[in-house]
Amino acid sequence: MSRSRSRSARERPVRRRLRLGVLALGWACAVYASASLTAAGSDLAVIVNSESGVSELSRAEVINIFLGRQRRLPSGVAALTVDLAGPDDEKRQFYYCLVGKEPAEINSYWARLVFSGRGAAPWQAESPEEVLDIVENYKGAIGYIERHRVVDGRVKIVHTLAQ
Amino acid sequence: MRREVLFCLGLGLSQAGLGVADELRVVDEGSLTIGGFGTIGGAYNANAEAEFLRDRSQPEGAADGRFDLGLDSRLGVQVNWRPNEPLEGVLQLVAKRRYDGTYRPQVSWAFLGYAFDPDIRLRVGRLGYDVYLMSDSRDVGYSYLWVRPPVDYFGQVTFSYLDGLDLTVSRVLGDGVLKGKLFAGLLNETHTSPQGPNYEMEGTTLWGGYLDYQDPHWQMRVGVGVMRRKHEFELYAPVLDALRGTGVPEAVALADELTLAEKSLQFLSAGIVYDAGPLQSQFQLRYLWSDTPSYADNVAGYWSLGYRLGRWTPYVVYSRIKSEHRHLDTGLPDSNPDYAAINDGVEQILQASQVDQDTLSLGARFDFARNAALKLQVDWVHSRDNPSLLWLDPDPDWDGRATLFSAALDFVF
């Protein structure tokens, strides 16, 4: 515990810079609707459990699963979606790059489904570690984190959203 | 506990179902979540000649240079109970202006849902009704662009829930998902009527279904519904009795035709949504036909277009409803004063459900905070025929034109 605290203290300036970078990227993504215009940055990797029986997902499948329209992964296992709603704005980046929508629009979309009793929004994870942890432990779990954070063997990348 | 609940449900679920339950554990197993939504909003109507209503369930509306906050304001609280993945329970209470003028909360949903597998869901209890796109989220202002759903389309849809069951089956097809739904149940609400007394929906049956296809950009839904009323409208009874009392065969036959009780109303609806990044467009069309001339056939539709610019989303909506005129001959000569009164009564019944109105709305939604949005909207309404269907107490010499200014603050929590 103390080790991780001291490590996070040491990493704080780096993390802050990283956060700023991601924010800037998100902003750039928002300004230039076309992904090809944005600077190279960290891509988001859509990850699933190694036992899920899924090796690749199309963009349409990722959309259908994260927007609660398709409730299973293509292998048949029930999907458990996880959003990365941490401070680094990955959630904004993810939905902006996936469907061109702002967080408010995604909220509004889910308000319609939840309050008409037609489903539950994705689990809101606070950190990439939490996403990894859930995806590693639940067969149907599907989430996204920055590509460089993916630890081989723990989870499987099934789609990459390029900046 | 799990077994007891399933037993109480009486759904006859197999042990296989419970096996699936264990496999589909969710992160927050056994959780109870509470959320809610609300709107503080209303409209300003400078016109003193007619009161503007959001829908026909409201006993008072905006008029006379007053900003009426009761029109659109509402508060909803929802509890979701999920003891395990396939089973869920939902209870929702909504407080809004009711037919009796109070804001007493009503139970809008109270159902148990069971997913036989993730693609086949059964719900039993008090349910939302969604043959029309959005009709089960009309109270959740935060979920749509406008201040309120288009009145020309939804103003007549006076029921918001169904006591019964529905079954939804979905399948992946191409890049999208095809969904089919069947529902059946009873309507138990009360709504106001243009002529005064309230109409009791109690005992009215509703059944139907729809097919829906949604891919990353498009959504299409085609649905049908059949509603069969149980009760006669009390105000019509004396006219019907008088018709029968004449003993004239044509008039007696007409009385049977004009009866509302045990008569069906059918509707066919089609909706298309196009959604691509900042652009949102929605079109819905509905045709309603009735087994009795006491409720005129009508066609209604709207088209909405919005485009997000930063945190603002300006939008435009055009909506229209138009009924078909029918003139019926009672076979009773007007020369007899008693008969003339009956003929007049029949004419009033036929006129009561006539409507011809369109509305052009311009507005903007401002997503100023997480989970809250502000909306401003202007509506130009033109009622060409029988404004009393969608307005309250219109002056007989009103030209049918009104401009409304609306504002709403929508939030979810």
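Proteins come first, then strands; the chains are lettered A, B, ... in the order of their sequence lines, and each starts at number 1.
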Quick check on A/Gln124: does its CD atom have over 12 non-hydrogen neighbours (other residues, nucleotides or ligands) under 6.0 Å away?
yes
What verdict does the salt bridge (Lys or Arg N to Asp or Glu O under 4.0 Å) test give for B/Asp117 and A/Arg72, after you've listed the backbone C-alpha separation in whole Å, the side-chain angles of each residue and the deciding distance to 0.1 Å?
CA-CA 9 Å; B/Asp117 76 34; A/Arg72 315 162 173 258; 3.1 Å; yes
With distance as the sole test, does [X] use its side chain to make a donor-acceptor pair with the main-chain N or O of [Y] at under 3.5 Å?
{"X": "A/Glu61", "Y": "B/Gly176", "value": "no"}
{"X": "A/Asn64", "Y": "B/Asp215", "value": "no"}
{"X": "A/Ser108", "Y": "B/Tyr142", "value": "yes"}
{"X": "A/Trp110", "Y": "B/Ser143", "value": "no"}

Among A/Pro103, A/Gly140, A/Ala111, A/Gly117, which residue forms the greatest number of heavy-atom pairs with chain B at distances under 4.5 Å?
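Most heavy-atom pairs within the cutoff with chain B belong to A/Gly117.
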Heavy-atom cut-off 4.5 Å, strictly under: side chain, backbone, both or neither for [X] against chain A?
{"X": "B/Arg311", "answer": "neither"}
{"X": "B/Asp175", "answer": "both"}
{"X": "B/Arg171", "answer": "neither"}

Of all the heavy-atom pairs spanning A/Phe115 and B/Phe413, show the shortest one and how long it is.
CZ-O, 4.3 Å
Mind listing the closest non-hydrogen atom pair of B/Arg308 and A/Lys101 along with its distance?
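Heavy-atom minimum between the residues: NH1-CA, 4.2 Å.
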Atom CZ of A/Arg71 and atom CD1 of B/Ile120: how far apart are they, to the nearest 0.5 Å?
12.5 Å
dist B/His217:NE2 -> A/Ile63:CD1 (nearest 0.5 Å) comes out at 7.0 Å
So do the side chains of A/Gln70 and B/Asp119 get within less than 4.5 Å of each other, counting heavy atoms only?
no
Partner chain A: residue of [options] with the largest heavy-atom pair count (under 4.5 Å):
{"options": "B/Ser137, B/Ala276, B/Gly174", "value": "B/Ser137"}
{"options": "B/Asp410, B/Thr168, B/Thr313, B/Asp275", "value": "B/Asp275"}
{"options": "B/Pro278, B/Ser170, B/Pro216, B/Gly128", "value": "B/Pro216"}
{"options": "B/Val140, B/Val177, B/Asp367", "value": "B/Val177"}

N-O pairing of B/Asp136 and A/Arg118 below 4.0 Å
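Yes.
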